[in-house]
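Values below: all heavy atoms of this structure, side chains included; hydrogens, waters and symmetry mates excluded. The structure presented is a predicted model; accordingly, all values stated were derived computationally and were not measured.
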Amino acid sequence: MKKIRNMNFQETKEAFSRWEVKHPRLDDFDMSGLTLTQCREIAKGTDPESIVDMLYGLFNYGFMAGYKQSEADLKARVDKRIHDDMHRRLLELVYYLPFGYHAEYFYYLMVYSFEDDDILEAFFPRRIAKPALKIRAEHESKEAREKAEREERKRVVDEALKQYEQQKGGVTV
């Protein structure tokens, strides 16, 4: 698809018509009749600078309306998923926790707080449970590898100690 800045006026209208099918506008964000009347009065004037300012203002209005509509759509989607006020407060608490760049520590803490993998699989959607289960599996494999390394080191040290005691015992006897 062409970038908007490289489209001519007709291509822009056609692209918007295709886009509008999937993203309908809400009446709350449409321009009022008074604004359109004022635009008509400006367009009757012969001052090109006023006309350009009007077009720029219309563009800014459309940009702002699009932003507000997307914010309203997001709020509607969030409100649809929130079950009650306590759910909203918990969500806001997690959102505003002061972890910043260290949010992964909180995520790992939450993942490790579940004692059983079955709980993650049973109560969470797959897209949330799958990465959490992967983290837990990696952690368990790392622990198993470290345990095996410790046991190997212990075995080597025990054998070296045994050989030392045998050599020491052989010299003194």
Side-chain angles (χ1 to χ4, degrees), residues 1-7 11-12 14-30 59-172:
M1 182 177 160
K2 265 183 161 178
K3 289 186 176 183
I4 293 174
R5 69 178 182 194
N6 295 332
M7 292 181 185
E11 290 173 335
T12 306
E14 291 169 4
F16 180 75
S17 298
R18 289 190 304 270
W19 180 84
E20 190 177 26
V21 171
K22 294 181 183 175
H23 308 280
R25 286 179 289 176
L26 304 175
D27 287 340
D28 294 350
F29 303 108
D30 284 345
F59 172 79
N60 288 337
Y61 180 89
F63 186 80
M64 180 181 62
Y67 175 80
K68 287 185 176 184
Q69 181 170 346
S70 69
E71 289 293 314
D73 291 345
L74 178 64
K75 185 180 182 317
R77 280 196 312 257
V78 168
D79 287 344
K80 187 173 88 172
R81 291 180 171 260
I82 290 182
H83 302 291
D84 57 7
D85 192 45
M86 187 59 72
H87 188 197
R88 177 182 296 284
R89 284 188 274 173
L90 177 63
L91 198 68
E92 288 174 354
L93 171 70
V94 170
Y95 182 76
Y96 288 109
L97 283 173
F99 288 114
Y101 289 108
H102 304 292
E104 67 272 5
Y105 297 122
F106 181 69
Y107 180 75
Y108 287 121
L109 174 73
M110 294 304 294
V111 167
Y112 295 139
S113 68
F114 297 106
E115 293 188 18
D116 193 7
D117 290 347
D118 295 335
I119 293 173
L120 279 168
E121 289 179 316
F123 293 112
F124 290 97
R126 188 80 177 134
R127 65 183 170 81
I128 292 173
K130 187 176 178 180
L133 290 171
K134 182 180 176 186
I135 287 171
R136 288 176 65 98
E138 288 172 357
H139 180 70
E140 289 170 2
S141 68
K142 181 181 175 185
E143 281 184 347
R145 187 175 60 249
E146 288 174 353
K147 183 179 178 185
E149 289 173 359
R150 279 193 305 271
E151 289 175 358
E152 179 64 23
R153 281 194 302 268
K154 184 179 179 200
R155 188 186 62 75
V156 168
V157 168
D158 286 345
E159 190 164 316
L161 198 64
K162 186 177 175 184
Q163 288 177 359
Y164 174 76
E165 287 176 357
Q166 286 176 352
Q167 288 176 355
K168 186 178 176 182
V171 171
T172 58

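Rounding to the nearest 0.5 angstrom, the gap separating the CG atom in Leu120 from the CE atom in Met110 is 10.0 Å. From Arg81, atom CZ reaches atom CZ of Arg77 across 9.0 Å, with rounding to the nearest 0.5 Å.
In this structure, the side chain to side chain contact (heavy atoms under 4.5 Å, CB included) partners of Glu71, at least two apart in sequence or on a different chain, are Tyr67. Residues satisfying the salt bridge (charged side-chain N to carboxylate O under 4.0 Å, His left out) test with Lys22, not counting sequence neighbours, are none. Applying the side chain to side chain donor-acceptor pair (under 3.5 Å) test to Lys75 and every residue at least two apart in sequence or in another chain returns Asp79. Scored by the side chain to side chain contact (heavy atoms under 4.5 Å, CB included) test, Leu109 finds Phe106 as partners (sequence neighbours excluded). Every residue two or more places apart in sequence or in another chain that forms a side chain to side chain contact (heavy atoms under 4.5 Å, CB included) with Lys147 is listed here: Arg150, Glu151. Partners of Glu11 according to the side chain to side chain donor-acceptor pair (under 3.5 Å) rule, which considers only residues two or more places apart in sequence or in another chain, are Lys2. Residues passing the salt bridge (charged side-chain N to carboxylate O under 4.0 Å, His left out) test with Arg155 are Glu152, Glu159, sequence neighbours excluded. Not a single salt bridge (charged side-chain N to carboxylate O under 4.0 Å, His left out) links Asp158 to another residue, sequence neighbours left out.
For Tyr108, the OH atom counts as loosely surrounded, since its 6.0 Å shell holds 12 or fewer non-hydrogen atoms of other residues, nucleotides or ligands.
Salt bridge status for Asp85 with Arg89: present, with a side-chain N to carboxylate O gap under 4.0 Å.
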Donor-acceptor pairs under 3.5 Å, side chain of residues 127-141 to any protein atom, not counting sequence neighbours: which ones?
residue, atom, partner, partner atom, Å
Arg136, NE, Asp117, OD1, 2.5
Arg136, NH1, Val111, O, 3.0
Arg136, NH1, Phe114, O, 2.5
Arg136, NH2, Phe114, O, 3.1
Arg136, NH2, Asp117, OD1, 3.4
His139, NE2, Glu143, OE2, 2.9
Ser141, OG, Ala137, O, 3.4
Ser141, OG, Glu138, O, 2.9

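The ring pair (Phe, Tyr, Trp, His ring centres under 6.0 Å) pairs that include a residue from residues 69-88 are His83-His87, where partners are two or more places apart or lie in different chains.
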